[in-house]
Protein chains: 2
Amino acid sequence: MTQAATRRTPTLEDVAEAAGVSRATVSRVVNKKGTVDEGLRRRVLEAIDATGYVPNAAARTLVNRRTGTIALVMSGSDGSAAQVFADPFFGRITGGVVTYLRERAMHPTLMLADSDQARQDALDFVRRGNADGAILVSTHAGDPLPRLFVDAGVPAVLFARPADPVPISFVDLDHEAGAALAAAHLAERGCRRIATIAGPADLPAAIGRLSGFQRAMERHGVPYVHVARGNFTADSGERAMAELLAMDPELDGVFAANDLMAVGALRVLRDHGRSVPDDVALIGFDDSEPAQLTRPRLTTVYQPVEQMSAEMGAMLVALLADPDTPPSSVIFDPRLIVRESA
Amino acid sequence: MTQAATRRTPTLEDVAEAAGVSRATVSRVVNKKGTVDEGLRRRVLEAIDATGYVPNAAARTLVNRRTGTIALVMSGSDGSAAQVFADPFFGRITGGVVTYLRERAMHPTLMLADSDQARQDALDFVRRGNADGAILVSTHAGDPLPRLFVDAGVPAVLFARPADPVPISFVDLDHEAGAALAAAHLAERGCRRIATIAGPADLPAAIGRLSGFQRAMERHGVPYVHVARGNFTADSGERAMAELLAMDPELDGVFAANDLMAVGALRVLRDHGRSVPDDVALIGFDDSEPAQLTRPRLTTVYQPVEQMSAEMGAMLVALLADPDTPPSSVIFDPRLIVRESA
DNA sequence: GTGAAAGCGCTAACAG
DNA sequence: CTGTTAGCGCTTTCAC
């Protein structure tokens, strides 16, 4: 407990001296490696306590080639920092990643890749050994990020299947299945005049949700559904819903490709005097925070983001342990959360 | 461009050899420090390119005592990881911090301090030199985190004034002023039967908003306002609003201490047949995402979280540059965002 | 079981 | 302007 002179932060050397042993021995007890006589061990522990010793991470990393840090790279379309972090998705992924990593004494460093420069910075960050590997969250199409990391031979895993094929491990949701869940629920309610608010046409997730919905509706005897596009924001959901209402004022069922757009749709539905779910049944996707904030609460397709994030962590850890691990993918099953809107 | 043998990642030494100069010279051109003959500089640059050299962060840190990383510690009440990250606040702070740091080639490592163990881990992370300092986001009362860091002599700054006095720099909002803005707006609209949904009684921010609101209403000739407590969640806002309505069914103005509670209040107001803002005017606090998702959109008190985060970054950078910088605080001014709910 | 010694890759005086 | 020389603090064979 006695503090050593406050001069300089104590090193292994100091502890060794205080305990009357060699640096190697101190290292062994600190890292619980090898075998050390119990008596000595005790003496060393006391010396550590007395000196207030704390291992130096940089020195350790220099020899171990491990930092215990991984880069969590959020890939935003060029420019928008605020946008990325405002997305409720971001929080869920982050939470999942942190929760998984912390149990392994690892930590994520947050990086935003929203420009060529930023992408390069993120890559260099890992290459310089600031992090052992990277978790890439790429939600927009044609993102050069995955390719960049793979080509550089940097250990990385991905959230969401890449738009262009890249040999990298990733997790994703079975978007078709999720959309099919929504379709089945709508059909079951007896909805026959169906519309959907789709996401960006170049985003694999949006594509899957749209095609999955159309196909499933077909199976349920509804060969045609009205389609309007949004960009996953509430405002775009409003616009799309207005379009849809114009196309067919008698609509009785709507599937939005994410919750935020569903929230927007809900607003214009109400403004147009439609009661939800009585006149029009509405289903969202994601089960994000906003879904529970609306009135009626949103029936929506749950995406196990936290689990998916943990799986990414596991994939990366495996890749770090054996760099030759071949790429793999894990596709998660969605679940329909029935609340009030459908 | 030619890749060196893929054996081992190239070091300064390799570059020096390839360029026919000493390590020191290479170091100088890499770090743009000192002066190097233009001819040599060019040769070195070519060698770097040829070898594919990337500086090793650990080695650098070992001598520089700087990592370029700061710990962004989110302090949650014990247990709830998901909760913390789901809060829209988290995203805004993170965005602000990332934006500020990245321009200085710095990066935040995310840590969750929701238990004694986790707090200790966060502290050790910085003490081991994994990070140069810490930004502490402490939103709950009696949080031991600030004290812990200060006592350990670790450079740290804080979001929100600590409940118990601790010598540490922090940013905060002028909560009283924000509440006064809301009060003035309500008074101006002619509201006379006023209520407020307050936050946790032990949280400085909540205390300030409540007392500020009460005092301001008094000045506007309304000596008494009904008070119900929530815990900053939408559900608690619902409960509180129900209580308030029971206390005084003729209410015509409500101030909620945050947007989430306002969202909850909005729901029960609607359920009880009150039209907002015509029957009851409602004002929230924070101007978070949900405020814009409701219908009517929430009139709310804007908190410049991104700026506040940047200021924390600046405070920490200053502290890192000169550890003797005395603690300081910067209190930001709120702004009333008038939308539709009041 | 324990110590001595050789680095890990880089920076920073200090000479030249 | 450039090279030489010490380390930064730790881990890890390899002897003893």
Side-chain angles (χ1 to χ4, degrees), chain A residues 4 7-45 47-48 51-68 105 124-132, chain B residues 4 7-45 47-48 51-68 105 124-132:
Chain A
R7 293 242 52 81
R8 165 181 68 70
T9 118
T11 71
L12 256 200
E13 184 87 55
D14 300 322
V15 177
E17 187 177 349
V21 299
S22 74
R23 298 204 312 254
T25 300
V26 179
S27 177
R28 291 194 188 95
V29 352
V30 168
N31 299 303
K32 306 186 204 324
K33 258 186 186 167
T35 43
V36 178
D37 175 83
E38 184 54 26
L40 276 195
R41 211 182 71 86
R42 201 169 302 271
R43 284 230 313 272
V44 170
L45 256 16
I48 287 177
T51 53
Y53 169 72
V54 178
N56 178 302
R60 230 174 219 182
T61 297
L62 189 54
V63 26
N64 289 339
R65 271 105 186 27
R66 266 288 186 297
T67 62
D124 286 343
F125 187 79
V126 185
R127 295 215 296 175
R128 281 196 299 257
N130 275 308
D132 301 329
Chain B
R7 292 241 53 79
R8 165 180 68 71
T9 119
T11 70
L12 255 200
E13 184 88 54
D14 300 322
V15 178
E17 188 177 348
V21 300
S22 74
R23 298 203 314 254
T25 299
V26 180
S27 176
R28 289 194 189 95
V29 351
V30 169
N31 298 303
K32 308 187 202 321
K33 257 185 186 169
T35 42
V36 178
D37 175 85
E38 185 52 25
L40 275 195
R41 211 182 70 88
R42 204 169 300 271
R43 286 234 307 278
V44 169
L45 256 15
I48 287 178
T51 53
Y53 170 73
V54 178
N56 178 302
R60 233 176 216 180
T61 297
L62 189 53
V63 26
N64 287 339
R65 268 105 187 32
R66 266 290 187 294
T67 62
D124 286 343
F125 187 80
V126 185
R127 296 214 295 173
R128 281 196 299 258
N130 275 306
D132 302 329

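Just so we're on the same page: letters track the sequence lines, and every chain starts at 1.
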Is [X] near enough to [N] that one of its side-chain N or O atoms lies under 4.0 angstrom from OP1 or OP2?
X	N	value
A:Ser27	D:dC10	no
B:Lys33	C:dA12	yes
A:Ser22	C:dG3	yes

- Message: Could you check whether A:Asn31 and A:Arg60, counting side-chain N and O atoms only, form a donor-acceptor pair closer than 3.5 Å?
- Response: yes
- Item | Polar contact flag, side-chain donor to acceptor under 3.5 angstrom, B:Arg127-A:Asn56 | no
- Task: Assign each of B:Thr35 and A:Ala24 to its nearest nucleotide of DNA chain D by heavy atoms, then name whichever residue's nucleotide is nearer the 5' end.
- Result: B:Thr35
I want to verify a distance call: between [options], whose nearest atom is closest to the [X] side chain?
X	options	result
B:Thr25	D:dG3, D:dC10, C:dC10	D:dG3
B:Asn64	C:dT11, C:dT2, D:dT12	C:dT11
A:Val63	C:dC8, C:dT11, D:dT2	C:dC8
A:Arg23	D:dC10, C:dC10, C:dG3	D:dC10

Interatomic distance where [atom1] belongs to [X] and [atom2] belongs to [N] [whole Å]:
X	N	atom1	atom2	result
A:Arg66	C:dC8	CZ	P	19 Å
B:Arg128	D:dT11	CZ	P	12 Å
B:Glu13	D:dT5	CD	C1'	13 Å
B:Asn56	D:dC8	CG	C1'	13 Å
A:Arg127	C:dG9	CZ	P	16 Å
A:Leu62	C:dC8	CG	C1'	4 Å
B:Ile48	C:dC10	CD1	P	10 Å
A:Arg41	C:dT2	CZ	C1'	16 Å

- Message: Would the base of C:dG3 count as contacting A:Arg28 through its side chain, where contact means a donor and an acceptor less than 3.5 Å apart?
- Response: yes
- Message: Nearest 0.5 Å, please: how far is OG1 in A:Thr51 from CG in A:Asp14?
- Response: 7.0 Å
- Answer whether the closest heavy-atom distance between the side chains of A:Thr9 and A:Tyr53 falls below 4.5 Å. no
- Task: Answer yes or no: is there a side-chain heavy-atom contact under 4.5 Å between B:Leu45 and B:Val29?
- Result: yes
- Which part of the nucleic acid, if any, lies within reach of A:Val21 when heavy atoms closer than 4.0 Å are counted: base, sugar-phosphate only, or nothing? sugar-phosphate
- Message: Applying a 4.0 Å non-hydrogen cut-off, can you work out what A:Arg65 is touching in the nucleic acid: base, sugar-phosphate, or nothing?
- Response: sugar-phosphate
